[in-house]
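Input: a single structure, listed below in structure tokens.
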Amino acid sequence: MKNIPVIGILRGVEQDFFREIMAASFENGLEAIEITMNTPGAGRIVAECRALVPQGKLLGMGTIRSLDEAKAAVDAGAMFMVTPNLDTAVIDFAVLQKIPIVAGALTPTEVYNAWRAGADLIKVFPCGALGGASYIKDLLGPFDDLPLAAVGGVTFENVGDFFRAGAVSVGVSTALFGKQALQGKNAENIGNNVKKFIDRCLQIKDGLLSAT
């Protein structure tokens, strides 16, 4: 998970339209899509779309708040799991099932405990509420070797700030897919928005690598 720069987050999307979003997004460079557990029929959507996921792409489930929800995600066929909170029982379960987990954390103590418990990636959420990119930079002072994913407040305009601050990944919803495109159920525009966002992220990350 730490090598995937952008995780697309979808909440409250209808099943038929989800297939269109997934296809358009994967075709335009997105590597991982997370559908939230509190989306109506989320488990059914993952179960039915899992076979349609292209090789090398990932379809996961997020907003997993408890061990019971983690078990339901595994039963549905989730390829990775994302939590909004720190629950070490959920991390232990994911490790046991050999499923990548992006564990939610906010405070320095939570960030460290998520990593110590075995999280593949640490989701700093809600990142924007505590200063955005500057908060990521502050966390990486003492925790410079931890893979942090910024979630909450990430936009096309400021995504570079998060990567320059040291985040290895970002989780993005409407800023990635496009609010109007989602509301209008325009898969073509969603694909164009995704490509634009991914291209920007890759350009920024390539620039950072070239500078080192």
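Any value given below was found using the heavy atoms of this structure, including those in side chains, with hydrogens, waters and symmetry copies removed.
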Quiz item: Has the side chain of Asn113 got a donor or acceptor atom that lies under 3.5 Å from a matching backbone atom of Ala105?
Solution: no
Quiz item: Which heavy atom of Arg11 sits nearest a heavy atom of Thr39, and at what distance?
Solution: CA-OG1, 3.4 Å
Exercise. Kindly check if the number of other-residue, nucleotide or ligand heavy atoms within 6.0 Å of OH (Tyr112) is above 12?
Key: no
Exercise. Quick one: list whatever passes side-chain contact (heavy atoms from CB on, under 4.5 Å) with Ser173, sequence neighbours left out.
Key: Ile9
Self-check item: Short N-O contact, Asp199 and Lys196, less than 4.0 angstrom
Solution: no
Practice problem: Take atom NZ of Lys57 as the centre, draw a 6.0 Å sphere, and report whether it contains more than 12 heavy atoms from other residues, nucleotides or ligands. | Solution: yes
Self-check item: N-O pairing of Glu48 and Arg19 below 4.0 Å
Solution: yes
Quiz item: Does a side-chain heavy-atom distance below 4.5 Å link Met81 with Gln97?
Solution: no
Practice problem: Taking the side chain as every heavy atom from C-beta outward, state whether Cys49 and Gln15 have any pair of such atoms under 4.5 Å apart. | Solution: no
Quiz prompt | Exercise: identify the closest heavy-atom pair between Ala133 and Phe162 | solution = N-CE2, 3.3 Å
Quiz item: Are any non-hydrogen side-chain atoms of Met1 and Ile7 less than 4.5 angstrom apart?
Solution: yes
Self-check item: Side chain to side chain, Leu86 and Ile91, heavy atoms closer than 4.5 Å
Solution: yes
Exercise. Taking atom NZ of Lys205 as the centre, report whether more than 12 heavy atoms of other residues, nucleotides or ligands fall under 6.0 Å from it.
Key: yes
Quiz item: Is it true that a side-chain atom of Asp120 and a backbone atom of Ile101 form a donor plus acceptor pair closer than 3.5 Å?
Solution: yes
Quiz prompt | Spatial distance of atom CG (Leu202) from atom CZ (Phe163) [nearest 0.5 Å] | solution = 8.5 Å
Quiz item: Do the side chains of Leu139 and Leu121 join up, straight or via other hydrophobic residues, at under 4.5 Å, putting them in one cluster?
Solution: yes
Quiz prompt | Any donor-acceptor pair under 3.5 Å from Asn193 side chain to Phe177 backbone | solution = yes
Exercise. Give the cluster check for Val151 versus Val82: same hydrophobic cluster or not, with ILVMFWY residues linked at side-chain heavy-atom distances below 4.5 Å.
Key: no
Self-check item: Under 3.5 Å: donor-acceptor pair, side chain of Thr155, backbone of Ala175
Solution: no
